[in-house]
Amino acid sequence: MEDISIYIKDDEDIAFEYELQKSPEQLQTWEHYLDRWQEQNKNGLRSEDCILWLFRRYVNQFINNVDVWLVFIDWVIENSIYKKYNDIPTIYEESIRNCGSKSEKLCLKYLKYAIETRDLTLIRESFDLGLEFTSKHSHYKLWEQLLLFIKNVLIPTTEAIDKDEKPQIEQFGEIIDKIFEDSNQIENAKDNCKNADIWISIFLERYLLVCPNDEVLDNLIILGGTHDYKRIKEGFDKYLFQNQDYTIIAKIKDLPYSLNIIYLNSLCELNNKSECQRFISTLKQLYSFNHTNIDLITAKYLMINEDFDTLEVHLDVLLKDTMNIEDFSRVSKFHYDFEVCIIDQCFSQINKKVIQNSKYNFEEVMKTHLKKLQMLTRDHAIKLNDLYLRKSPNNVGMWLRRIDLFTTLKEKIGVYVQGILQIDPLHVREPGTFGRLWCNYAQLYWDQNDFNSAREIFERALKVPFPYLKDLELIWLYWVENELKLGDKQKVYLLLEQALKIPKNPMAVLEQYENSYNKIPTRMVVFHSLKLWNLYVDLLESEIIGTPGKISEEYKKTVQIYENMIQLKLITPLLFVSYARLIEKYEDQVKSFQVYNRAISSFPPEIKYDIWLLYLNEAVVSNLSVEQVRDLFEESLSQLVPNQIDCISVYLLNNKYEEQQTGVTQATISKLVRSAKELSGKYVESKLQLWDLALERTKSHFGLEMARPLYEECITTIPREKSTEYVTSFAHLEVALGEVIRAREILQYGAKLLPPIRNNHLWKYWEEFEISNGDKEKYKDMLKYKKKLEEEMKIDTEKVSQESTNIEFVASKATIHASRTNVDVSNPEEINLDL
Amino acid sequence: MNLLKDSYNSSSEEEINLATEELPIVPNSILNKYHIAPSTNIDNNKMNRGSSSATLWNTFIYLEWRPSVKDRRYLDKILRYYDNVMNQNGIRLKLDPLYWTELGSPCPLHISLSPNIRLRDVADRDRLFKRMELAIERSKLTPFEVKFDTVPKCVRSLTNPKSCFLTLPVNRTTRMGPITELFKMIEESEKGLNLDIPFDLKIAMTHMSISQMNPENGTTLEMSTINEVIQRNVSNFDIPSVTINSINIDKNRQSLSIRFPNN
């Protein structure tokens, strides 16, 4: 007999006990009684064991009441009453069995509890119990909970374990090891299954029996995530491929790609050879555009089946067929991993002193695969290049790179030939690249002294319908340069003449070519290649350089070349100058001046200036009369000055020339002054240079007094910023002439030109001037004058910016205007900052 | 004679060549792909571009032979010999060997099996090729040797009457054998095609031109006189025979090669 005095402690307890004795079915009395004890427990006046004793009596009293059980179970779990693992499940089971068909809530709660424990056995037991004690209509609630757990917790966990634990190379190692150990692959596949996978697959198998039709595919995908290949296959066979008729594409074409791959993988893992092959061929038809995945599963299957030779061929073919870098990397890695694993496994067999068994000679196998691995590593770059070329066969850069991947001449030649045959010249994007490929090909023969084969290639290259002139130019240049190395200039000239044959109406041809959008072959406009003309003229000039003054055939040819370039409007200013100098050297200067004249008429003013300068430099030392030279100067300036070109060099040259002819005269000085005035205001420094020269010449040749009018003119015409320097210089001149008052007046004038703050040079000079030449009064006057000017000439920045650059803040004006209109309107959101 | 001279020079280059690493010859596939240069005749280009009814599609059937370095040297000797013969007989001709291009690179020689065939429809041009391909596939032709008569013959140029060619006539045995068979195939294949100008195949005239001969200043071209001189001064050199294993048909800018089946 239990001593109840442990539990019944006071009068109130006794009162409750009497009440319960009187009417035990009173739920409220039990509840109040329990509440009281729980309250006492909180205050440390009563132990959990006491409450458990009361709860036990309570549930025994209401053994079929689900709510009573729920309250009890909640209290037990919340207060961790039971320490043994199985106690809670036992209470759940007891409650469910006692409540019978009413226990749906308890069943769901039990399953939830079991899922939280992650104990797969407990989950299965609670689920089975749930199915037993809930109505069929409520089964879906249990399935929902369970599937959610499988999807969110179980499958990701098994996938993660799979990924972490088994990288490809390890998987291969295991497969090959087992092959070598002569073990059974199907059994292994079973062994490999994890408990969790089987657990899931069994549940999914059960669920598939009862689930709605629209959930079948989703659940098969989940099933595919397990490694229980036997059940996967059975599930797929049963629900997708009734009668295993998956060879009919129409039947599987609407299935998700992942489902087909799962099934294929299962067939391979189960080593079901005939079915596997049938299914692979069906899938390849279905996914003809991208079947690398399928191919790799096939490869793995071949590995499992020990069909290593076929596997090698299969992987080689795969690598040759891949069309993108991702597939290429996957196949490459697969192949590489396989070779490494098989070598590794052979090595470990040899280490175990098993050199040979009934099937394999491990030394031989290792040797073969070592060779293959070496080849794989060596040819990787070539195979990668293959891939790029498969994708874009007209990428000449790739072909050029490919050539570098081979070492022997014959191999390189093979690549050139392959490239030339595969490249469509009209689809090459980079100008000059295809031409370079041809040239390199020919060069290879040339460098081996097989000149005729090289020539055959060069000439054949000229027949290619290149869309760009650069390619043809390159071929001609290469050929000519190579022939030059052999020293046969006649052959070189023959080539260049052929290349540069001018058609009857060259300009019309060019126009037609430009408007033809590549419909007219580029070879028609090779005659318009400046590079080739340049080369030709250089060669000819180098030929005649040793015979100055002698008009040879080569000289005539050279002149003709220059004339051709002029006719084709290809000639550059530099070439014109070379032409003029050539004529001067071999014929006479006047003729060369005619060339200069033609050059000047051919180019815009900026370029004209340089040509004129060269021309005038030649003219001033030529036999031309003074008048002719003066005419040239005048003509040059009449062309250049109106176009606002800085002609300072021409002016100075002209002045130098005139001074040489007549010495320094008033006329030469006047010309300098005129030049300084007519030169564009843009070139201040050039203007000053001319004024300086005019002042210097006047002072040195005609005395200081004569410089006065020049200074006056200079100061009034040049920009103010620059003029103060001339003002001080002018004042200095007056001081030198003893005209101190005039000097002061000049300084006063100069001071007004700029605000004092920007006129430091003048004020500094004036101060020194007054110290040397003035007195205290004059000095004070100067300071007063400076102060006055400082006040008068305050810089109004806004006004200045408006005057000089026309920039003004229009927006700000508008704002001011707007604010003015609202000046009396108080702002309701105004904050008084009390600053 | 410049090109001929060049070729003499180049033979010394070729001797150097023999001493260095022997490289594979430039493959026919490349030569055939870029057989004809893009036309630089603007009018032709216009014609091909437009859909003018005057558009004609040309093709040409021939046997091709790429002389080797040794062959070229041998042909040089023959030409030099007949050049001397002509000079000694007061006939001033400039010989330009046809196995060198104008720019001095080696080029193949050919034996024409047809004139330039001009078709009004591009489909007919392709049909002709297909028929020839089929005919050759079905035939029992094997690679054969073309032998030439020992006496070369001078033939006036059809396009430039002021010029002529030194040719090697194909000997009777070869003509009557495989060449006749090929001619028959061409005749069969061109039946029913829309030709611009119908043509006759002259088997007796089958030859291989080896050099162009242009009269130097003051020389008039008398074919009979030249041929008489040649006949009177036949060289002792053996005329090389040529092994043929395919026929060539021009299509656009390519030369398509059809190999004999038992090749």
Side-chain angles (χ1 to χ4, degrees), chain A residues 408-410 412-414 416-423 425 438 441-442 444-445 447-466 476 479 483 486 488 490-491 494-495 497-499 501 503-505 508-509 512-513 516 519-527, chain B residues 2-3 5-7 9-50 66-73 99-108 250 252-255:
Chain A
T408 68
L409 287 181
K410 280 185 184 166
K412 282 177 190 286
I413 286 174
Y416 280 117
V417 172
Q418 213 187 341
I420 286 168
L421 291 176
Q422 283 191 28
I423 293 168
W438 277 95
Y441 180 35
L444 205 140
Y445 282 88
D447 292 343
Q448 294 299 309
N449 295 333
D450 188 350
F451 307 121
N452 283 325
S453 292
R455 286 178 186 129
E456 202 174 13
I457 295 166
F458 279 128
E459 190 155 356
R460 203 51 64 156
L462 294 172
K463 294 183 178 177
V464 177
F466 294 109
W476 282 109
W479 194 353
E483 293 291 357
L486 293 183
D488 187 351
Q490 290 316 310
K491 201 158 202 166
L494 174 79
L495 289 176
E497 269 159 33
Q498 186 72 24
K501 216 179 254 176
K504 272 183 192 165
N505 196 349
V509 171
Q512 254 178 322
Y513 174 76
S516 72
K519 292 275 164 52
I520 291 179
T522 309
R523 66 185 257 127
M524 279 184 67
V525 292
V526 175
F527 71 87
Chain B
N2 284 342
L3 274 174
K5 275 182 201 160
D6 287 348
S7 68
N9 292 337
S10 65
S11 57
S12 60
E13 281 171 13
E14 284 169 353
E15 275 159 23
I16 299 168
N17 187 23
L18 293 174
T20 57
E21 187 185 343
E22 204 173 304
L23 297 176
I25 59 162
V26 182
N28 281 332
S29 49
I30 288 187
L31 303 190
N32 287 345
K33 185 177 179 187
Y34 297 109
H35 179 60
I36 300 167
S39 170
T40 49
N41 184 332
I42 291 181
D43 295 334
N44 274 357
N45 281 305
K46 265 186 188 169
M47 196 168 72
N48 288 335
R49 217 169 48 240
R66 288 176 73 187
S68 65
V69 176
K70 211 171 144 191
D71 294 328
R72 282 198 295 266
R73 220 175 296 158
Y99 42 89
W100 294 104
T101 65
E102 216 180 318
L103 296 178
S105 67
C107 66
D250 285 353
N252 298 335
R253 286 193 296 273
Q254 289 184 56
S255 172

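A, B, ... follow the sequence lines: proteins, then strands. Residue 1 opens every chain.
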(Q) Return the OH to CD1 distance between A:Y441 and B:I30, rounded to the nearest 0.5 Å. (A)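 Reported value, rounded in 0.5 Å steps: 4.0 Å.
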Q) How long is the span from the CZ atom in A:R455 to the CH2 atom in B:W100, to the nearest 0.5 Å? A)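 One gets 7.0 Å once the value is rounded to the nearest 0.5 Å.
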Nearest atoms (heavy-atom pairs only) where [X] meets [Y]:
{"X": "B:S29", "Y": "A:L421", "answer": "OG-CD1, 3.4 Å"}
{"X": "B:L31", "Y": "A:R460", "answer": "O-NH1, 2.9 Å"}
{"X": "B:E102", "Y": "A:Q498", "answer": "OE2-OE1, 3.6 Å"}
{"X": "A:K491", "Y": "B:L103", "answer": "CE-O, 4.1 Å"}
{"X": "A:P465", "Y": "B:Y34", "answer": "CD-CE2, 3.7 Å"}
{"X": "B:K33", "Y": "A:I420", "answer": "NZ-O, 3.0 Å"}

(Q) With heavy-atom distances below 4.5 Å as the criterion, would you say the side chains of B:P24 and A:I413 are in contact? (A)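 Result yes, sub-4.5 Å side-chain heavy-atom pair found.
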Q) Who among A:L462, A:T522, A:L495, A:V464 has the most heavy-atom pairs with chain B under 4.5 Å? A)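 Greatest number of close heavy-atom pairs with chain B: A:V464.
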Q: Could you tell me which of A:L444, A:I457, A:V417 has the largest number of non-hydrogen atom pairs under 4.5 Å with chain B?
A: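 Among A:L444, A:I457, A:V417, the one with the most close pairs to chain B is A:V417.
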Q: Check side-chain hydrogen bond (donor to acceptor under 3.5 Å, both in side chains) between B:R66 and all other residues, then give those that pass, not counting sequence neighbours.
A: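 Testing B:R66 for side-chain hydrogen bond (donor to acceptor under 3.5 Å, both in side chains), a comparison that skips the adjacent residues, returns A:E456, B:N28.
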Q: Not counting sequence neighbours, which residues clear side chain to side chain contact (heavy atoms under 4.5 Å, CB included) with A:D447? List them please.
A: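 By the side chain to side chain contact (heavy atoms under 4.5 Å, CB included) rule, A:D447 matches A:Q443.
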**Q.** Check against side-chain contact (heavy atoms from CB on, under 4.5 Å), B:V69 and A:N452
**A.** CA-CA 9 Å; B:V69 176; A:N452 283 325; 6.0 Å; no
